[in-house]
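What follows is a short report on a single structure.
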Amino acid sequence: MAANFWTSSHYKQLLDQEEVNVVKPLDKEKGLTLEDFKLIKTHMANYIWKLAQHIKVRQRVVATAITYMRRVYTRKCMSQYDPCLVAPTCLYLAAKAEESMLQARLLVFYIKKLYSDEKYRYEIKDILEMEMKILEALDYYLVVFHPYRSVSQLLQDAGLNDTSMTQLTWGLVNDTYRMDLILVHPPHLIALACIYIASVHRDKDITAWFEELRVDMNVVKNISMEILDFYEVHKMITEERFNAAVNKLGLRP
Amino acid sequence: MSEKKIADRYLKREVLGEGTYGVVYKAIDIKTGNTVAIKKIRIGKQKEGVNFTALREIKLLKELKDPNIIELIDAFPHKGNLHLVFEFMETDLEAVIRDRNIFLSPADIKSYFQMTLKGLAYCHKKWVLHRDMKPNNLLIGPDGQLKLADFGLARIFGSPDRKFTHQVFARWYRAPELLFGTKQYGAAVDVWAAACIFAELLTRRPFLPGASDIDQLGKIFQAFGTPSPSQWPDLEYLPDYVEYQPAPAQPWRTLFPTASDDAIDLLSKMFTYDPKARISAQQALEHRYFSSAPLPTEPAKLPRPVPKRGSQSLRASDLNCLEGPTVLSPPRKTRRVMPDRDGFEGNAIPVDKNVHGGEIRQAAGHYTGNSDQFPTSVDFSVFGSRPMSRPTINSADRSHLKRKLDLEFQNPE
């Protein structure tokens, strides 16, 4: 973990899970449940991944974009901030913040190419307008730390930086963005949880290495459990359920 | 708070100048009574939303809170434009250095330079490279505090293998490794620039005023001699390395006749060729130059230019203190027009005055962005083939893993 994480705005902004799991009153009125809320966020995280894969932006940009999107919904309601607009705009903003330019024109092109559904359809001017709103919702805090760098360093330190372990761990880290973990835990703990799962999965005993680290293994274990729990519910996240949830918001006539 | 209310918090006063990416106003913060400077970032004109350079500055300044860094007090959208609220600064170090009515004692120089290094060391501690250190980006507040400003070129430099553009800094402040085209550089580039500023404080003129990149290296070698392989082992591996006619170094005493021995020792450590051997900003602060007599002057007692009366001069000085474009001295950018100080810099280089500094600076920022565009998809190569919707572990693995996970660490330490 970079030495400055502990003095960063990211660290100061970490929330408790209970604070993240709050459906905003206006959304609640429309019948949005906590399950719906989580489902929409996961679906939008997948949407950002998919867009990013076609546009070919760096993984870090994707991770930052999803973090922005999740942060926005700790403060704003979905009925006023349409997820289908917030998600691509977060990708657009994250690309800038991570120093890789992504043209709004290109983004809109891919949205139209990949999704025929009316609800995804937005124009450049919508994205630019939303960009400003998102900046405000984020209170202009744009620096986000991610587990990726810790993963490489930690795997190397544990002597497990072979391709198979690296790939598995990185895949796990990618998957953590389908959850709210990045809003709740310091990135290096998420990294350790992913390494932990990967090591058990590959039957590598690195208990001794973990014990030498000065971290609370209970926290790491709990994060690991959360990740594994997510894999259980993940298969229930379908387009149909997403549509049902997002339709409750009554965003577009 | 609604948009209207936020905008109402500030009482708009006169325009201070046209900045890199919009107009700068002077304003009064009704809530605190303080004078502030508001940068209005035009959005409408650009098809790419919030200006890249502005966004970079916002991103970094939100993380940097230090007495020697300009404070971003607030930001708000109003009428489709983004507004950034900064603390109001009276003048800048360039105005101090160039003002011939100002006498800078060794203690004054020490104070100004100490504040410069403090701000810089803080940035580096936070893994931020400023990349545009020069006297007119060092603003001076009403209390005499010097603050680093203009983070439009700054970057976070956490990962060591990350490639950056070498097209940063005004030329005169560019470290030799940048002039030789290195793309992997670190905090040492800011230290070199700080050393140039130190030299400029001592001699009251730009220390290495190169007319081109090649001439810039020439000026550096003229002063410190051509670097030998033992001084700088990696030199010949740099991308744009060219051999220079060997030149001897000038004695430090000749270069800085008025400087103390301690000052010269510090200069020599900051002007070290090999970036790996160059002293860090923090180490420079701990150098005995700062603890030996005379001690640094208290900021409030430092000499500053007398604010001129009349709106014309007020605007001019305010503009200098807030925005780069009209003040960027080195020739690649635009040159400050200083009618009252003609000929001060001797053999000044002719400059195309039509070129607007702001545009050039923006172009430089854009370039930085572009340099990242090519390796964009690298991270994806490993997992690119795997459809994103499929999770890494399937649920059969999951229950098995969960049991195993639970068994271990039953009694964690």
Side-chain angles (χ1 to χ4, degrees), chain A residues 2-4 7-9 46 49-50 53 56-61 92-93 96-101 103-105 124 127-128 131-133 135-136 139-143 148-149 166-168 170-172 174-175 178 196-197 200-201 207 210-211 216-218 221 224-225 228 230-232 234-235, chain B residues 3 43 46-50 52 55-56 58-63 72 74-77 80-82 84 125-128 155-156 158-159 366 368-373 375-380 382-384 386 388-389 391-395 397-402 404-406 408-409 412-413:
Chain A
N4 54 343
T7 58
S8 70
S9 62
N46 292 345
W49 275 113
K50 189 165 171 187
Q53 242 185 344
K56 300 207 191 313
V57 295
R58 289 189 292 136
Q59 195 143 19
R60 194 189 160 79
V61 175
Y92 177 67
L93 181 63
K96 274 191 207 175
E98 297 291 354
E99 306 270 346
S100 34
M101 197 64 180
Q103 290 181 340
R105 191 176 53 77
I124 294 176
I127 288 178
L128 299 188
E131 182 189 31
M132 196 92 90
K133 286 181 162 179
L135 273 171
E136 206 189 2
D139 194 17
Y140 304 91
Y141 286 110
L142 300 171
V143 173
Y148 295 106
R149 195 183 301 158
T166 308
Q167 287 204 3
L168 177 59
W170 272 61
L172 286 162
N174 287 348
D175 290 344
R178 301 165 203 249
Y196 183 39
I197 297 172
V200 174
H201 192 52
T207 321
F210 271 115
E211 276 160 0
D216 186 346
M217 272 316 288
N218 277 321
K221 207 185 81 179
S224 310
M225 289 300 176
L228 291 179
F230 171 77
Y231 286 114
E232 179 78 335
H234 185 266
K235 55 177 187 272
Chain B
E3 183 175 298
I43 309 286
Q46 289 156 335
K47 285 208 175 99
E48 284 304 339
V50 177
F52 203 94
L55 197 77
R56 190 187 272 151
I58 296 169
K59 176 179 104 178
L60 295 174
L61 285 179
K62 285 293 273 187
E63 303 292 319
L72 176 61
D74 193 7
F76 61 89
N81 293 307
L82 187 59
L84 303 183
K125 203 178 99 194
K126 293 275 222 163
W127 299 85
V128 171
R155 282 204 62 166
I156 293 177
S159 59
H366 191 70
T368 317
N370 275 346
S371 72
D372 258 5
Q373 261 178 2
T376 42
S377 62
V378 172
D379 295 342
F380 264 115
V382 184
F383 305 103
R386 194 167 59 88
M388 270 330 298
S389 51
T392 305
I393 291 181
N394 63 38
S395 72
D397 288 338
R398 189 202 69 93
S399 9
H400 158 74
L401 278 172
K402 210 168 169 179
K404 277 182 86 173
L405 282 169
D406 236 354
E408 295 172 52
F409 297 105
E413 308 213 1

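Computed from heavy atoms alone, side chains included, the values below leave out hydrogens, waters and symmetry copies. Each chain gets a letter, A, B and so on, in the order the sequences are listed, and its residues count up from 1.
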Given a strict heavy-atom distance threshold of 4.5 Å, which part of A:Y92 is in contact with chain B: side chain, backbone, both, or neither?
-> side chain

Looking only at heavy atoms, the pair that brings A:Y141 and B:E63 closest together is CD2-OE2, 4.0 Å

Kindly say whether B:V50 contributes a backbone atom to a donor-acceptor pair with the side chain of A:K96 at under 3.5 angstrom?
-> yes

Starting from the C-alpha separation in whole Å, work towards a yes-or-no answer on side chain to side chain contact (heavy atoms under 4.5 Å, CB included) for A:V143 and B:K62.
-> CA-CA 9 Å; A:V143 173; B:K62 285 293 273 187; over 6 Å; no

Any sub-3.5 Å donor-acceptor pair from B:K59's side-chain atoms to A:L142's backbone N or O?
-> no

Which heavy atom in B:G49 sits nearest to a heavy atom in A:E131, and how many Å separate them?
-> CA-OE1, 3.4 Å

If only atom types and distance count, is the side chain of B:E48 paired as donor or acceptor with the main-chain N or O of A:A104 below 3.5 Å?
-> yes

What part of A:L135 lies closer than 4.5 angstrom to a heavy atom of chain B: side chain, backbone, both or neither?
-> side chain

Tightest non-hydrogen contact, residues B:F76 and A:Y140, listed as CA-OH, 3.5 Å

